[in-house]
Participant: 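Have a look at this one before I ask anything.
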Amino acid sequence: MNGFRIPIGDWVESFVDVITTALGGLFDVISAILGGFYEGVDWLFAAPPFWLVLIVIVALGVWARGWVFGIGTAVGLVLILGMDQWENTMHTISLTLVATIIAVAISIPLGIWMARSQTASAIVRPILDFLQTMPAFVYLIPAIILFSIGAVPGIVATILFAIAPGVRLTELGIREVDKEVVEAGHAFGASPGRILRQIQLPLARPSIMAGVNQVIMLSLSMVVIAGMVGAPGLGKPIVSSFQTIDVGLGFEAGLSVVIVAILLDRLTASLGRPRTHRLLPRARAERVGTADETPATEVPLEPGATVPVES
Amino acid sequence: MPETHAVEASHLFKVFGRRPSDVVRQLQSGATRAEVASSGTAAVIDASFEVARGEIFVVMGLSGSGKSTLIRMLNGLLEPTSGSVRILGTEIAGIPARALRDVRQKSVSMVFQHFALLPHRTVMDNVAYGLEVQGVPLAERRERAAAMVERVGLAGWEDKFPRQLSGGMQQRVGLARALAADTDILLMDEAFSALDPLIRREMQEQLIELQSELNKTIVFITHDLNEAMFLGDRIAVMRDGRIVQVGTPDDILTDPANDYVAQFVQDVDRARVLTASAVMEPARSMVTVSAGPRAALRTMRDLQTSAAFVVGNGRALLGVVRDRDVMRLVKRGERDLTEAIEKDLPQVEKDTRLVDVFESSVESELPVAVVDAAGRLLGAIPRVTLLAALGNVPSNTAELAVVEPPATIPVDVVTEILRGTTDSPDGELATEGGVR
């Protein structure tokens with residue numbers, strides 16, 4: 001303890017200082033873009049009357065998962081409205097969407113690259129580990145320095161915190177595509193781009209969508225924490241209830257987060273699956289369809305004979 | 001202009017490991033696979049062969065013998081560590097990716113062990129995949145794919161997904177996909193190994209049938225010797241990365257290059273491999289129709305047999321005569337043998353497999369006549385020969401009585417009759433000429 005100190009903290013501090021002064025202009029540009037993006041999305045949710053937004057979200061729920069989920073969505077949203085957290089919730093959803101869209105836009109290409117190159121995988125993997133295990137609050141400090149307070153530092157911190165599973169599951173999904181099928185693509189002379197588009201991405205879709213789902217859930221949790229740096233949304237009442245020990249407000253805001261989380265999770269999870277739980281008439285038709293999905297029994301054939309068509 | 005082979009591989013090496021070229025150098029200077037094992041895995045060692053157009057070339061070996069690695073070098077899925085691969089005369093080892101894709105689109109397609117169908121596409125779109133990659137317009141590729149789907153017997157299943165099909169049907173889709181790409185060369189990597197035995201046999205037969213119509217060049221990989229023998233025009237046997245013998249199924253079966261191959265072929269179902277021409281004997285009891293009844297009777301007497309094949313011009317098989325009928329003609333002083341000829345006799349073509357000779361052999365006591373496509377008598381297969389061939393007993397030894405059926409009239413009676421009727425000198429001569 002006698003004077004032995006590795007000043008990593010100082011180094012990081014001066015590093016942040018250097019990039020703040022050297023790349024200040026760049027950060028202003030990023031800040032403007034992210035800010036504008038957020039404003040736009042937020043306008044979509046916050047500007048129209050609440051009932052219109054409510055109807056649209058419920059309709060989306062019915063379309064994606066069916067009537068039961070639609071009714072659940074309606075109940076949840078009315079509850080949020082009743083707790084007077086509607087506006088905060090809309091801000092939170094907007095922040096989550098913006099962060100998710102950017103994180104996914106970065107993580108899928110990155111995951112594809114890692115699946116193709118061992119070197120890329122070896123370099124990016126530890127960085128992902130670092131991003132994922134660093135306590136979430138720590139991102140907020142440099143974010144404030146670089147982007148001051150408000151929505152933008154929240155979005156940046158959220159992207160950093162939430163990106164890892166998107167990258168990992170994209171890489172995993174593509175690596176786990178049946179080697180022989182990819183080989184078949186090569187054997188017929190398909191270009192790598194065509195194989196990616198027509199074979200690897202479609203077959204990795206469930207895994208990639210699971211990654212997107214994870215990114216959304218992590219984004220949501222981080223967006224709330226970002227309330228500490230002045231990001232709008234449900235984080236704000238939670239932070240203030242923390243300061244004033246307001247149990248009631250804290251619970252109401254917390255419950256709203258839970259409702260949003262369930263909504264987003266179920267909605268995005270259903271997008272990754274084959275669409276069997278849709279509107280009732282279609283769902284019924286699909287179920288009939290699955291009945292003959294059992295492998296047909298082997299019909300011994302004379303060579304060249306035509307197979308009887310299964311009706 | 002010299003005939004280019006469809007596929008030509010020369011001195012191919014494939015080594016997996018950190019310093020593959022060093023390993024190749026060691027192998028070239030005589031090191032064994034085991035000796036270089038510490039520095040790399042030698043999957044294929046000094047493989048050279050060529051495949052003629054329209055040929056089915058089977059590469060046979062147990063797992064780990066390097067056959068899958070070998071086939072993947074033929075379309076560049078694996079780059080050879082050393083050596084050359086020529087496809088229709090074009091070198092493909094070490095050429096740029098774009099040129100290689102071109103070769104794959106135009107010249108070489110592939111069928112995979114586990115089918116490797118695109119699970120998210122219908123049967124139709126799977127079959128059309130090769131054409132799609134080639135850039136064939138939608139309407140045309142659908143039309144060509146539909147024709148191929150029908151050809152492999154899957155008409156009516158075009159809109160199903162692979163998971164809705166049984167294994168055998170999925171592989172038909174795999175086969176149709178490769179055929180629809182309309183390449184000269186077809187690589188089949190253990191294509192039927194994942195199927196049930198019954199379905200496998202059926203697919204083998206269908207492949208032979210399709211091949212007779214389409215006349216592709218097929219390189220077929222298998223670990224099943226019976227399959228290799230059934231399909232292959234020629235077979236390369238691989239062991240520990242090396243090709244130990246290349247030859248026709250008959251060569252491999254009757255003249256194995258070493259103990260390993262010999263041991264391998266021990267269990268083969270010989271009846272399905274050997275062809276009639278491989279086991280037939282020269283037809284000894286044979287007369288020309290122009291020689292007349294007396295010569296025929298003499299031949300049968302000399303050979304102690306009761307029947308003889310009758311051939312016309314150019315050894316064209318006309319039928320068979322029996323000693324009793326011929327004797328009747330001789331007694332009547334007839335000079336023409338035609339009246340006694342029975343046209344109904346057991347006969348098979350030279351490429352008939354033994355398994356299909358049995359029935360003919362059982363139906364008649366006569367040896368089965370072996371004829372070529374023009375109907376010329378090439379030889380005969382007495383029952384004894386058939387048995388000897390199955391038991392891998394050398395059948396051309398003197399101890400085995402191969403003349404059958406035995407004579408029904410005592411020799412002295414025949415001699416008496418021949419003496420009792422007037423001798424015609426031209427008949428004598430014809431007999432000498434007619435009997436072999």
Side-chain angles (χ1 to χ4, degrees), chain A residues 116 118 173-174 176-209 272-276 285-311, chain B residues 72 75-77 97-98 100-106 108-121 129-134 150-157 160-161 163-170 172 174 177-178 181 187 189 195-196 198-199 202-203 205-210:
Chain A
R116 298 184 152 211
Q118 285 300 341
I174 289 178
E176 287 200 334
V177 170
D178 187 347
K179 296 269 181 301
E180 215 182 35
V181 179
V182 175
E183 206 174 36
H186 284 296
F188 282 93
S191 62
R194 182 187 278 273
I195 290 173
L196 180 69
R197 232 174 32 250
Q198 294 186 332
I199 298 177
Q200 290 174 313
L201 285 180
L203 296 190
R205 198 180 88 145
S207 176
I208 294 175
M209 287 313 293
R273 277 201 296 267
R275 308 180 163 186
T276 48
E286 296 260 356
R287 224 164 285 136
V288 175
T290 47
D292 71 15
E293 269 177 33
T294 46
T297 45
E298 194 72 60
V299 194
L301 293 173
E302 286 302 311
T306 44
V307 181
V309 183
E310 212 178 54
S311 52
Chain B
R72 279 166 174 71
N75 65 352
L77 284 177
R98 184 177 292 273
L100 192 57
R101 287 204 291 275
D102 215 45
V103 169
R104 289 171 185 159
Q105 286 178 18
K106 296 196 176 114
V108 195
S109 53
M110 193 163 177
V111 182
F112 293 83
Q113 180 173 8
H114 302 290
F115 326 135
L117 302 177
L118 311 184
H120 55 297
R121 289 180 164 217
Y129 183 71
L131 298 171
E132 185 182 337
V133 174
Q134 289 169 22
E150 195 170 332
R151 196 150 202 173
V152 298
L154 286 178
W157 294 80
K160 302 279 179 185
F161 286 91
R163 64 170 181 280
Q164 295 169 283
L165 269 53
S166 66
M169 292 162 87
Q170 289 189 33
R172 281 170 210 271
R177 176 175 65 177
L187 305 179
D189 180 22
L195 305 176
D196 296 336
L198 277 179
I199 307 300
E202 196 184 288
M203 292 290 287
E205 279 162 6
Q206 187 173 26
L207 181 65
I208 295 282
E209 193 185 286
L210 285 167

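Labels below follow one simple rule: chain letters A, B, ... track the order of the sequence lines, proteins then strands, and each chain is numbered from 1. These numbers come from the heavy atoms of this one structure, side chains and all, not from hydrogens, waters or symmetry mates.
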Participant: Given a strict heavy-atom distance threshold of 4.5 Å, which part of B/F161 is in contact with chain A: side chain, backbone, both, or neither?
Facilitator: neither

Participant: Could you tell me which non-hydrogen atom of A/V181 sits nearest to which non-hydrogen atom of B/L118, and how far apart they are?
Facilitator: CG1-CD2, 3.4 Å

Participant: Determine yes or no for a side-chain-to-main-chain donor-acceptor pair under 3.5 angstrom, with A/E180 supplying the side chain and B/H114 the backbone.
Facilitator: yes

Participant: Could you tell me which non-hydrogen atom of A/A187 sits nearest to which non-hydrogen atom of B/L77, and how far apart they are?
Facilitator: N-CD2, 4.1 Å

Participant: If I compare all heavy atoms of B/S109 with all of A/F188, which pair ends up nearest, and what's the gap?
Facilitator: CB-CE2, 3.8 Å

Participant: State which residues pass side chain to side chain donor-acceptor pair (under 3.5 Å) with B/R72; sequence neighbours excluded, sorted by chain then number.
Facilitator: A/E183, B/D189

Participant: Mind checking what makes side chain to side chain donor-acceptor pair (under 3.5 Å) contact with A/R116, not counting sequence neighbours?
Facilitator: none

Participant: With a 4.5 angstrom heavy-atom cut-off, which part of B/L198 approaches chain A: side chain, backbone, both or neither?
Facilitator: neither

Participant: Could you tell me which portion of B/Q170 (side chain, backbone, both or neither) has an atom closer than 4.5 angstrom to a non-hydrogen atom of chain A?
Facilitator: neither

Participant: Check whether B/L207 gets within reach of chain A through its side chain, its backbone, both or neither, counting any heavy atom under 4.5 Å.
Facilitator: neither

Participant: With only heavy atoms counted, which part of B/R121 is less than 4.5 Å from chain A, the side chain, the backbone, both or neither?
Facilitator: side chain

Participant: Rounded to the nearest 0.5 Å, how far apart are CZ of A/R194 and OH of B/Y129?
Facilitator: 6.0 Å

Participant: Where on B/V108 is there a heavy atom nearer than 4.5 Å to chain A: the side chain, the backbone, both, or neither?
Facilitator: backbone

Participant: Can you tell which part of B/Q134 gets under 4.5 Å to a heavy atom of chain A, answering side chain, backbone, both or neither?
Facilitator: neither

Participant: When only pairs under 4.5 Å are counted, which of B/R98, B/H120, B/R101, B/R177 shares the most heavy-atom pairs with chain A?
Facilitator: B/R101

